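Quick caveat: nothing in here was measured; it's all calculated off a predicted structure.
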Amino acid sequence: MKLLRVGPAGEERPAVLDESGALLDLSGIVSDIDGAFLAGGGVDRVRAALDVGGLPVLPEGLRIGPPLARPGKIVCVGLNYSDHAEESGMAKPAEPVLFMKAPNTVVGPDDQVLIPRGSRKTDWEVELAVVIGETARYLTGHADALARVAGYAISNDVSEREFQLERGGQWDKGKSCETFNPLGPWVVTAEEVADPQSLGMRLWVNGTPRQDGNSKNMIFAVAEIVRYISQFMVLEPGDVINTGTPAGVAFGLPDPKPYLRAGDVVEVEIDGLGRQRQEVGQA
């Protein structure tokens with residue numbers, strides 16, 4: 001099942017994409033797609049409504065917004081692909097490297113990405129996003145961890161490398177600029193993703209292929225990431241985990257590095273999870 005939100009920014013309505021590709025309105029049975037929806041049996045209500053039929057069909061051409069109304073938190077895993085760690089000149093981590101992104105970085109999959117004021121090194125990162133559907137704390141096993149996953153989505157973990165790595169302190173300041181987390185187009189519910197560790201991941205800039213990886217090459221798999229994070233913080237329904245990016249980011253390319261500039265176009269794709277397209281603007 002593909003859950004999404006459509007309409008003008010701030011006025012999105014919940015929807016589902018059925019097997020025929022029709023966009024169906026869910027606003028008559030759920031208020032929104034958020035943590036309360038995931039924790040309160042919203043997925044089951046949508047599934048039952050699809051079985052009965054009769055959901056209103058929405059018109060084509062609507063803007064696709066973020067598939068979650070607003071994540072409670074966004075937890076990110078850095079250097080989670082060995083090839084990306086290598087291109088970044090950093091050691092393969094012995095434990096997951098965790099940092100946070102502000103929830104208000106999330107925008108729709110085709111919304112504009114803004115270069116921050118003063119930025120010279122804005123970069124792209126295709127990532128598999130994990131959406132938490134049940135509270136997770138101190139999990140002991142991988143099966144328990146995967147049982148807490150509601151679904152998966154595409155995330156573009158946009159990053160400003162100078163802010164992140166050259167301005168002191170922690171990584172967050174280079175990760176939490178406005179528009180720095182295009183998400184979607186939809187959340188694909190977990191039962192439709194047979195193996196989150198076998199998904200092809202691709203990204204293009206101005207039509208040039210930049211990233212071509214696979215989630216099988218994660219250093220720490222999804223189940224271990226969820227289990228591990230639950231040892232340090234409580235994960236709640238509606239939280240999002242960005243699980244890392246494969247090689248091919250601008251930071252890892254030879255000089256002059258092709259960092260993003262206003263007017264660039266970024267396209268992002270993960271097998272079975274859809275596609276994004278962002279035009280780059282200036283804040």
Side-chain angles (χ1 to χ4, degrees), residues 2-6 9 12 17 21 23 60-68 74 76 80-81 83-84 87 101 105-116 119 121-131 151-161 175 177-188 193 196 198-218 240 242-254 256-283:
K2 296 178 175 67
L3 299 167
L4 64 163
R5 301 168 68 249
V6 298
E12 296 93 344
L17 196 69
L23 186 63
E60 298 181 359
L62 293 173
R63 167 187 172 268
I64 299 177
L68 291 172
I74 304 170
C76 305
N80 196 32
Y81 288 73
D83 56 357
H84 175 55
E87 72 173 354
K101 293 191 83 148
T105 59
V106 172
V107 293
D110 301 329
D111 288 347
Q112 189 178 50
V113 165
L114 297 176
I115 303 292
S119 167
K121 299 180 179 180
T122 296
D123 206 346
W124 57 82
E125 294 190 13
V126 55
E127 303 207 8
L128 174 64
V130 175
V131 178
Y152 301 91
I154 301 172
S155 178
N156 183 0
D157 177 20
V158 185
S159 308
E160 212 298 337
R161 302 302 187 187
K175 296 285 190 172
C177 306
E178 62 178 329
T179 75
F180 264 27
N181 205 134
L183 188 69
W186 36 67
V187 173
V188 178
V193 180
S198 63
L199 302 175
M201 310 164 65
R202 293 164 291 277
L203 182 145
W204 299 259
V205 179
N206 300 326
T208 299
R210 291 300 187 185
Q211 292 185 275
D212 187 1
N214 193 291
S215 60
K216 69 182 180 182
N217 295 320
M218 287 184 186
V240 172
N242 288 344
T243 58
T245 196
V249 300
F251 179 72
L253 295 173
K257 301 181 189 301
Y259 289 113
L260 294 172
R261 298 289 181 263
D264 287 344
V265 174
V266 180
E267 296 171 277
V268 189
E269 181 179 85
I270 296 180
D271 290 349
L273 302 185
R275 190 177 176 94
Q276 302 182 349
R277 183 184 186 275
Q278 298 110 33
E279 295 183 5
V280 179
Q282 181 66 53

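Taking the side chain as every heavy atom from C-beta outward, Asn181 and Asn242 approach each other to under 4.5 Å. Within the 4.5 Å cutoff, side-chain heavy atoms of Val280 are placed close to those of Ile115. At a threshold of 4.5 Å between non-hydrogen side-chain atoms, the residues Val6 and Glu12 do not count as touching. Counting heavy atoms from C-beta on, the side chains of Val249 and Arg161 come closer than 4.5 Å. Here the side chains of Val240 and Ser155 are not in contact, with every heavy-atom distance at 4.5 Å or above. Side-chain contact between Val268 and Arg277 is absent, with no heavy atoms from C-beta onward closer than 4.5 Å. The closest side-chain heavy-atom distance from Asn156 to Val266 is below 4.5 Å. At least one side-chain heavy atom of Val126 sits less than 4.5 Å from a side-chain heavy atom of Ile270.
At a cut-off of 3.5 Å, with distance as the only test, no side-chain donor of Asn214 or Asp271 sits close to an acceptor on the other residue. Neither side chain, Gln278 nor Asp110, offers a donor N or O lying under 3.5 Å from an acceptor on the other. Inspection of the Glu160 and Ser119 side chains reveals an N or O donor paired with an N or O acceptor under 3.5 Å. Under 3.5 Å, the side chains of Lys175 and Ser159 contain a donor-acceptor pair of N or O atoms. Between the side chains of Gln112 and Thr179, not a single donor N or O lies within less than 3.5 Å of an accepting N or O.
A donor-acceptor contact shorter than 3.5 Å is absent between the side chain of Asn217 and the backbone of Tyr81. A donor-acceptor contact shorter than 3.5 Å is absent between the side chain of Trp124 and the backbone of Tyr259. Remark: the backbone N or O of Leu253 is not paired with any side-chain donor or acceptor of Glu87 at under 3.5 angstrom. For the pair Thr122 (side chain) and Leu260 (backbone), a donor-acceptor distance under 3.5 Å is absent. Panel note: side chain Lys257, backbone Lys121; no donor-acceptor pair is recorded below 3.5 Å.
Annotation for Ser215 and Pro196: closest pair OG-O, 2.7 Å, computed over non-hydrogen atoms. When every heavy atom of Ala262 is checked against every heavy atom of Gly281, the shortest pair comes out as CB-C, 4.1 Å. What you find for Pro109 and Ile64 is that their closest heavy atoms are CD-O, 3.4 Å.
Going from atom CD1 of Ile154 over to atom CH2 of Trp186 covers 8.5 Å, rounded to the nearest 0.5 Å. Once rounded to the nearest 0.5 Å, the distance linking CD of Glu125 with CZ of Arg210 reads 15.0 Å. Rounding to the nearest 0.5 Å places CZ of Phe180 at 9.5 Å from CG of Asp123. Note that the CG atom of Asn80 and the CG atom of Leu128 stand 10.5 Å from one another [nearest 0.5 Å].
Here salt bridge (charged side-chain N to carboxylate O under 4.0 Å, His left out) pairs that include residues 261-270, with residues two or more places apart or in two chains, are Arg202-Glu269, Glu267-Arg275, Glu269-Arg275.
When each of Val107, Thr105, Val106 is paired with Pro182, the side chain to side chain contact (heavy atoms under 4.5 Å, CB included) condition holds for Val107 and for no other.
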Walk me through it: do Val131 and Tyr152 pass the test side-chain contact (heavy atoms from CB on, under 4.5 Å)? CA-CA 6 Å; Val131 178; Tyr152 301 91; over 6 Å; no
Check the pair Leu199, Val193 against side-chain contact (heavy atoms from CB on, under 4.5 Å), reporting the backbone distance first and the verdict last. CA-CA 9 Å; Leu199 302 175; Val193 180; 4.2 Å; yes
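In this view, Glu178 and Leu114, Ala283 satisfy the side-chain contact (heavy atoms from CB on, under 4.5 Å) rule, not counting sequence neighbours.
For CD of Glu279, the number of neighbouring non-hydrogen atoms (other residues, nucleotides, ligands) closer than 6.0 Å is 12 at most.
Using a 4.0 Å cut-off between a side-chain N of Lys or Arg and a carboxylate O of Asp or Glu, Glu127 and Lys101 do not qualify as a salt bridge.
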